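Report on the structure given below.
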Amino acid sequence: MSKVIGIISWNTLRWGRLFDELNYNFVRGVEAAGGLPVLFPVLNDTEAIDAFLDYVDALLIIGGEDIAPFAYGEEPHQKLHAINIERDGAETKIIRGAYQKKLPLLAVCRGMQLANVVFGGSLYQDIYSQREGLLVHSPRDKGFEVNYHTIEIEKGTFLHELYGETTVVNSFHHQAIKDLGEGFCVVARSKDGIIEAVGRTDDWPYMGVQFHPEFMKHNDRFIEIFRRLVELA
């Protein structure tokens, strides 16, 4: 039987109505890796979240809006983009539950940032105004599909096993991890020092990536990250 991979969607207003949405590339990635994708909406009900966590074999938390800065003790920076308080709360509960149950978790972009915050870490609210000498990390005229910059990977990590000491990734973010949360370690950085992937120092099977492996059409090696998640499940 296929391993059940729970994917957390996001909620957003469109045409005056509230929609629960998901980039379908995540579904394709899990399916191509041999897993069974099951979607979970933005719900803050603790019992529903516990039931979902009991049902799945692994989790996938995806990208989206900025994270509300008061979650890590800061006021909004002038370059902060849209936030989603309801989603922050729901995914925080899911991340904490995954840690308690030691469920394998792949956290992508915002997902990696939020997991870091949940464990006491902090973020750059806007890397371009809070760091100097940066590469471009959000080439909005080109989108997610372009392999945009290299990352340098730490030996002995999950990405090193998949790609070696360096690889090229896409990039689409203006926030990034500043201070690591408890239990996290750096897996990869871009050449300007921005953290591009993180792992854990304990026994929780966690993978966090700042780039977007769901866009496999333009980098077929990204399927290996989804395969690793299914293997961990």
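Bear in mind that the values here come from a model prediction, so they are computed numbers and not experimental data.
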Exercise. Evaluate side chain to side chain contact (heavy atoms under 4.5 Å, CB included) for Ile61 paired with Leu114, printing each intermediate quantity in order.
Key: CA-CA 9 Å; Ile61 295 183; Leu114 182 60; 5.7 Å; no
Exercise. Could you label the plane-to-plane angle of the Tyr128 and His137 rings as parallel, tilted or perpendicular, counting under 30° as parallel and over 60° as perpendicular?
Key: tilted
Quiz prompt | Aromatic ring pairing Trp204/Phe119, orientation class (parallel under 30°, perpendicular over 60°, tilted between) | solution = tilted
Heavy-atom pair of closest approach, residues [X] and [Y]:
{"X": "Leu162", "Y": "Arg228", "answer": "CD2-NH2, 3.6 Å"}
{"X": "Glu154", "Y": "Val186", "answer": "CG-O, 3.5 Å"}
{"X": "Ser190", "Y": "Leu135", "answer": "CB-CD1, 4.5 Å"}
{"X": "Gly29", "Y": "Ile223", "answer": "O-CD1, 3.7 Å"}
{"X": "Ala58", "Y": "Leu103", "answer": "N-CD2, 4.4 Å"}
{"X": "Cys109", "Y": "His173", "answer": "SG-CB, 4.2 Å"}

Looking only at atom types and distance, does a side-chain atom of [X] sit under 3.5 Å from a main-chain N or O of [Y], one as donor and one as acceptor?
{"X": "Lys101", "Y": "Ala98", "answer": "no"}
{"X": "Asp88", "Y": "Ala68", "answer": "yes"}
{"X": "Ser9", "Y": "Leu22", "answer": "no"}
{"X": "Asp202", "Y": "Gly183", "answer": "no"}
{"X": "Asn44", "Y": "Glu86", "answer": "yes"}
{"X": "Gln113", "Y": "Gln175", "answer": "yes"}
{"X": "Asp57", "Y": "Val4", "answer": "yes"}
{"X": "Asn116", "Y": "Gly181", "answer": "yes"}
{"X": "Arg131", "Y": "Asp192", "answer": "yes"}
{"X": "Thr150", "Y": "Val168", "answer": "no"}

Does one hydrophobic cluster hold both [X] and [Y], with members joined at side-chain heavy-atom distances below 4.5 Å?
{"X": "Ile95", "Y": "Met207", "value": "no"}
{"X": "Ile49", "Y": "Tyr55", "value": "yes"}
{"X": "Leu180", "Y": "Val118", "value": "yes"}
{"X": "Leu53", "Y": "Leu232", "value": "no"}
{"X": "Ile151", "Y": "Ile225", "value": "yes"}

Do [X] and [Y] touch side chain to side chain, with heavy atoms closer than 4.5 Å?
{"X": "Asn84", "Y": "Thr12", "answer": "no"}
{"X": "Val30", "Y": "Leu60", "answer": "yes"}
{"X": "Lys217", "Y": "Arg28", "answer": "no"}
{"X": "Ile194", "Y": "Gln210", "answer": "no"}
{"X": "Val209", "Y": "Phe158", "answer": "yes"}
{"X": "Glu165", "Y": "Ile153", "answer": "no"}

Pairwise distance [atom1]([X]) to [atom2]([Y]) - rounded to 0.5 angstrom:
{"X": "Glu224", "Y": "Leu159", "atom1": "CD", "atom2": "CG", "value": "11.5 Å"}
{"X": "Ser122", "Y": "Lys178", "atom1": "OG", "atom2": "NZ", "value": "4.5 Å"}
{"X": "Ile177", "Y": "Glu196", "atom1": "CD1", "atom2": "CD", "value": "10.0 Å"}
{"X": "Leu80", "Y": "Ser129", "atom1": "CG", "atom2": "OG", "value": "10.5 Å"}
{"X": "His77", "Y": "Leu123", "atom1": "NE2", "atom2": "CG", "value": "13.0 Å"}
{"X": "His81", "Y": "Lys79", "atom1": "NE2", "atom2": "NZ", "value": "8.0 Å"}

Neighbour count above 12 (heavy atom, 6.0 Å) for [X] [atom1]:
{"X": "Glu182", "atom1": "CD", "answer": "no"}
{"X": "Phe19", "atom1": "CZ", "answer": "yes"}
{"X": "Glu74", "atom1": "CD", "answer": "yes"}

Quiz prompt | Pairwise ring pair (Phe, Tyr, Trp, His ring centres under 6.0 Å) hits with a residue in residues 24-47, at least two apart | solution = Phe40-Phe52
Exercise. May I ask you to check whether Phe184 and Tyr206 place their ring centers less than 6.0 Å from one another?
Key: yes
Self-check item: Side-chain donor-acceptor pair present, Gln78, Gln125, cut-off under 3.5 Å
Solution: no
Quiz item: Would Ile83 and Ile85 count as a side chain to side chain contact (heavy atoms under 4.5 Å, CB included) if you check the C-alpha gap in whole Å, the side-chain angles of each, and the deciding distance to 0.1 Å?
Solution: CA-CA 6 Å; Ile83 60 175; Ile85 303 298; 3.8 Å; yes
Self-check item: Audit row: Glu214, His212, side-chain hydrogen bond (donor to acceptor under 3.5 Å, both in side chains) steps and yes/no
Solution: CA-CA 5 Å; Glu214 70 271 23; His212 289 268; 2.8 Å; yes
Exercise. Could you go through the side chain to side chain contact (heavy atoms under 4.5 Å, CB included) check for Phe222 and Asn170 one step at a time?
Key: CA-CA 10 Å; Phe222 282 168; Asn170 54 17; 3.9 Å; yes
